[in-house]
Structures are given as structure tokens and as C-alpha cells.
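Take a look at the structure below.
Ligands are counted one by one from 1 in listed order, and the atoms in each one are counted from 1 as well.
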Amino acid sequence: MPAESLRCRSCATEYALEDIGTCTACFGPLDPVYDWAALARNVSRETIAAGPASIWRYAPLLPVGAPDEARLAPGLTPLVPARRLAEEVGVRELWLKLDTANPTHSFKDRVVAVAAQKARELGLETLACSSTGNLANAVAARAAAEGMEAAVFCPADLEPEKLVATAVFGATIYAVRGTYDDCSRLTVELSFELPWAFVNVGLRSYYAEGSKTVAFEIAEQLGWNVPDAVVAPIASGSLYSKIAEGFDQLRQVGLIDAATPRLIGGQAEGCSPVAAAFAADARVTPVRPQTVARSLAIGNPADGDKAVATARSTGGAIYGVVEEEIGPNMALLADHAGVFGETAAGVTLGALREAVERGELGPEDRVVLVVTGDGLKTPGPVSGLFEPVDIEADADAVLERLGVLT
Ligand SMILES: Cc1ncc(COP(=O)(O)O)c(C=O)c1O
Ligand SMILES: [Zn+2]
């Protein structure tokens with residue numbers, strides 16, 4: 001068991017490794033505590049390379065042990081160079097971290113795999129969550145693979161693709177009349193009443209740690225090196241902050257020497273409380289979301305202030321991306337790199353372009369852009385951008401249209 005306890009980020013009270021969620025003394029968030037000296041002695045590039053081709057190769061740096069039998073294991077997703085897009089955007093090198101390659105096509109499979117492993121350790125039988133869509137997909141599929149029950153709470157106006165991609169696994173979907181933030185409040189209340197494994201409430205300390213594996217993989221896939229910047233989307237702020245922590249921890253155990261990359265974050269302008277707090281150098285003030293990027297529509301982000309601190313400590317930045325640019329950015333990613341990312345990816349690419357426009361990143365920089373979810377789940381913003389050629393099933397008709405009929 002690599003983690004030793006949970007510790008409150010605000011008042012430092014320590015707790016046993018249970019499903020507590022928040023500090024009972026001050027309601028602060030709880031983080032796992034590790035013995036870094038022991039880990040530095042026992043974890044090496046070689047032990048990792050000898051591990052499974054999934055997030056579980058990094059099990060010693062996670063708060064749970066690897067499953068005896070890894071079912072539907074996420075991680076070790078491709079990191080691919082995107083030269084045409086790098087040129088178009090104006091950076092020296094650009095890699096895409098394709099988390100669309102996970103079992104349910106988003107990075108959420110990583111966090112759910114870690115939380116589910118803890119749920120099993122604690123003997124809990126129902127996986128549950130509040131979700132903006134991708135988390136619901138991941139919880140439902142994980143429960144199906146593990147033979148557990150699943151109950152998910154989503155805003156009723158979610159993209160139909162995300163509802164189907166949850167329901168098909170046999171999960172119970174509660175389509176809540178309200179926003180994601182209403183769903184979140186509901187699950188916090190229910191977590192006191194039901195013996196369920198709420199992955200992003202009682203198990204949040206474990207769940208969040210799953211996102212560190214994005215950083216671990218980027219470093220390993222670059223030959224235990226780091227890029228100059230990593231660009232990622234922000235909803236609750238957990239993924240973004242944990243990527244930075246992942247690099248910090250690799251350095252702590254001696255797996256890398258380099259400084260943590262600058263973390264550039266993106267939010268959709270219609271739900272940008274973290275970008276606003278970064279710009280104003282203030283604490284996050286909740287907003288009511290109104291955005292096409294539903295997966296990022298969290299108006300009261302649990303780790304928003306932490307994300308702002310991450311931007312500051314890494315020399316990064318967090319930008320709001322204009323709503324009208326999200327669809328065109330999805331199209332740019334697709335037609336310059338061959339990758340169909342979801343609305344969150346349109347936001348992420350928008351944040352990268354903003355960083356270049358402001359001179360924060362440029363022709364010297366080697367950048368990784370995290371594609372956290374799949375465009376097939378959110379086709380709406382690009383479906384109107386393309387017009388097929390309406391044609392008879394006749395070769396001459398095609399040749400005539402091409403102007404090559406002689
Ligand atoms: C595709 C996608 N990217 C990014 C995020 C942001 O994650 P976090 O809540 O950790 O900031 C989400 C959250 O739902 C998501 O679905
Ligand atoms: Zn506390």
C-alpha cells in the first residue's frame with residue numbers, strides 16, 4: 001500500500017485511508033500522504049518499464065494497489081507528434097496526448113479505475129457519481145467490467161450521445177432537473193445516506209490521484225523528459241492541478257530532473273470562473289454555466305483555487321476561450337492532425353492559441369496538448385461546418401464535378 005494516510009490540505013489533520021472525502025474538522029479537501037524517501041528507493045524507470053501497459057505500471061505512486069486482474073485497464077495512451085498543427089499554431093513542437101484511446105474515450109477512465117479499486121478494497125458494491133457526461137460513461141463501464149452496480153447523476157440536458165454511452169452499460173441514470181452543480185450538491189447529500197462509492201465525493205482523494213498518470217506517461221513517453229508546457233482543460237480543476245503534481249512527484253522520487261512544465265489551462269468563456277479568478281488574481285467566484293462545452297460546465301469548481309495556484313507556481317496561465325471558437329478549433333484539430341476531439345479539446349486548443357497570441361508560448365516551445373475526450377460524443381458544434389457533395393451513383397457525375405471529364 002503506497003499511500004500511508006489522508007491529510008487535510010487546509011488544517012493538516014490526518015485520517016486513515018477511508019472514504020471520508022473532506023476533513024471533518026474544517027471541511028478542507030484531503031490528499032494522500034506518501035513516504036517519498038521509501039518510494040525513491042523502490043521505484044525506478046526499470047521497475048516501471050517492467051509493469052503493465054496501463055496506468056497500473058505507476059501503482060507505487062498511486063494511493064491504491066494494482067488490481068490482481070486488471071479489467072479494462074486505462075492509460076498508456078498514445079503521445080503523437082502533430083507537426084502540421086504545430087506549424088499552424090506557431091510552436092516548435094506539439095504532441096497530442098490522445099486520452100480518447102481510453103476504454104470509454106476520455107481521461108475519466110483513469111480516475112475511475114483508481115476510485116473503483118478503492119471501492120473494492122472497502123467492500124462497496126455500487127459506483128456512483130455526479131457527472132457532466134464523461135465521468136458517467138467511465139463509471140458505468142467500470143461497474144459493468146467489475147460486476148458492480150452503477151448510479152450516475154447528470155444534468156437532464158446532457159448530449160444524447162453521452163446518455164446512450166452510459167445507459168448501454170446498464171447504469172441507472174438520474175437525469176437531474178438542474179445544472180451539474182445541482183447534481184454535485186445532491187450527491188454530497190446522498191453520500192451521507194447511502195453506502196455507495198461516490199467516486200468524486202467520498203472517494204475524491206483517490207479518484208483525483210488517477211490524473212497524475214497523464215504526467216507520468218508524458219514524461220516516460222518523452223524518454224523521461226518534460227515538455228516546456230502542457231495544455232489541459234479545466235472543469236473542477238482537478239486534472240489540471242494533478243498533472244503538475246505528477247511532474248513534481250516524478251522529480252521527488254528521482255525519475256526526472258527537469259522542472260515541472262508550465263501548465264496552460266482552458267475554460268469555455270460561458271463557464272470560466274477559474275480563468276476569471278486567474279485574470280483578476282482573486283479567489284474563484286461561482287458562476288451559472290452557459291456553454292457549448294458541457295463536459296466543462298462546472299460553475300462551482302472544487303479545485304478552482306488550487307488550479308489558479310498551479311498556474312502561478314508553474315509560470316502558466318488559464319484562459320477563457322470564446323464560445324464561437326470552440327467548434328472551429330475542434331475542426332482545426334481534426335483537419336490538421338487527424339484527431340477528432342470533443343468540445344473540451346476545442347477549448348484546450350483555443351487556450352494554446354491564446355497563449356501563443358499573447359506571446360506566452362512561441363517558436364521555441366515544445367508543447368503537449370491533452371485531448372481529454374472524443375468528438376463523437378459531442379458532434380454538435382462541428383456538424384454544421386461541413387457540407388457533403390450530393391451526387392448520383394455515377395462515375396461520370398463525379399468526374400464532371402471534378403472537371404476532368406473529357
Ligand atoms: C473531456 C473532459 N476534459 C476535461 C475535464 C475536466 O476535468 P476536471 O473536472 O478534473 O477539471 C472533464 C470533466 O468532466 C472532461 O469531461
Ligand atoms: Zn481540515
Side-chain angles (χ1 to χ4, degrees), residues 6-15 20-31 97-100 102 104-112 115 129-139 152 154-155 158-159 161-162 165-166 180-181 183-184 199-200 204-205 207-212 214 231-245 263 265-268 271-275 284 289 291 293-304 306-308 310 318 326 330 340-349 351 369-378:
L6 298 176
R7 183 183 293 145
C8 175
R9 207 181 297 159
S10 305
C11 75
T13 303
E14 296 221 5
Y15 297 88
I20 310 174
T22 49
C23 176
T24 51
C26 78
F27 301 108
L30 304 176
D31 298 314
K97 180 64 172 159
L98 298 183
D99 256 28
T100 50
N102 281 314
T104 68
H105 315 288
S106 90
F107 87 97
K108 295 287 185 183
D109 289 310
R110 298 175 184 272
V111 288
V112 172
C129 68
S130 55
S131 172
T132 58
N134 284 309
L135 180 57
N137 298 169
V139 160
V152 304
C154 300
L158 211 59
E159 294 98 336
E161 291 83 358
K162 285 188 178 155
T166 302
Y180 170 81
D181 298 288
C183 299
S184 176
V199 300
N200 51 350
R204 190 172 178 85
S205 315
Y207 156 100
E209 290 279 284
S211 287
K212 295 189 313 193
V214 173
V231 193
I234 293 176
S236 74
S238 177
L239 167 71
Y240 175 84
S241 316
K242 287 288 176 178
I243 290 175
E245 260 181 56
L263 261 287
Q267 293 211 289
C271 180
S272 50
V274 189
V284 171
T291 175
R294 305 265 179 81
S295 57
L296 304 181
I298 297 184
N300 188 10
D303 292 303
K306 188 179 177 195
V308 173
T310 296
I318 302 169
I326 295 171
M330 290 166 71
F340 189 14
E342 73 147 74
T343 45
V347 170
T348 313
L349 182 52
L369 185 140
V370 187
V371 181
T372 54
D374 198 301
L376 286 172
K377 291 191 203 177
T378 67

- Can Glu161 and Leu376 be said to form a side chain to side chain contact (heavy atoms under 4.5 Å, CB included), step by step? CA-CA 8 Å; Glu161 291 83 358; Leu376 286 172; over 6 Å; no

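- Taking the side chain as every heavy atom from C-beta outward, Lys212 and Arg110 never approach each other to under 4.5 Å.
- If you put the vertex on the Zn ion (ligand 2), SG of Cys23 and SG of Cys11 sit 110° apart, to the nearest 10°.
- To the nearest 10 degrees, the angle centred on the Zn ion (ligand 2) between SG in Cys8 and SG in Cys26 reads 100°.
- We find that Lys242 and Asp303 are not joined by a salt bridge, their nearest charged nitrogen and carboxylate oxygen being 4.0 Å or further apart.
- With hydrogens and angles disregarded, no donor-acceptor distance shorter than 3.5 Å links the side chain of Thr291 to the backbone of Cys271.
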- Task: Go through the steps for Thr132 and Arg294 under the test side chain to side chain contact (heavy atoms under 4.5 Å, CB included), then give the verdict.
- Result: CA-CA 6 Å; Thr132 58; Arg294 305 265 179 81; 5.7 Å; no

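- A 4.5 Å side-chain heavy-atom check between Val274 and Tyr240 finds every atom pair outside the cut-off.
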Go ahead and list the nitrogen or oxygen contacts between ligand 1 and the protein that come in under 3.5 Å, distances to 0.1 Å, or just say none.
from     : atom 1 : to     : atom 2 : distance (Å)
ligand 1 : 3 (N)  : Thr372 : OG1    : 2.7
ligand 1 : 9 (O)  : Ser236 : N      : 2.9
ligand 1 : 9 (O)  : Ser236 : OG     : 2.7
ligand 1 : 10 (O) : Leu239 : N      : 2.9
ligand 1 : 11 (O) : Ala235 : N      : 2.9
ligand 1 : 11 (O) : Ser236 : N      : 3.1
ligand 1 : 11 (O) : Gly237 : N      : 2.9
ligand 1 : 14 (O) : Lys108 : NZ     : 3.4
ligand 1 : 14 (O) : Thr132 : OG1    : 3.2
ligand 1 : 14 (O) : Ser295 : O      : 3.2
ligand 1 : 16 (O) : Asn134 : ND2    : 2.8

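- At a cut-off of 3.5 Å, with distance as the only test, a side-chain donor of Asp109 or Thr104 sits close to an acceptor on the other residue.
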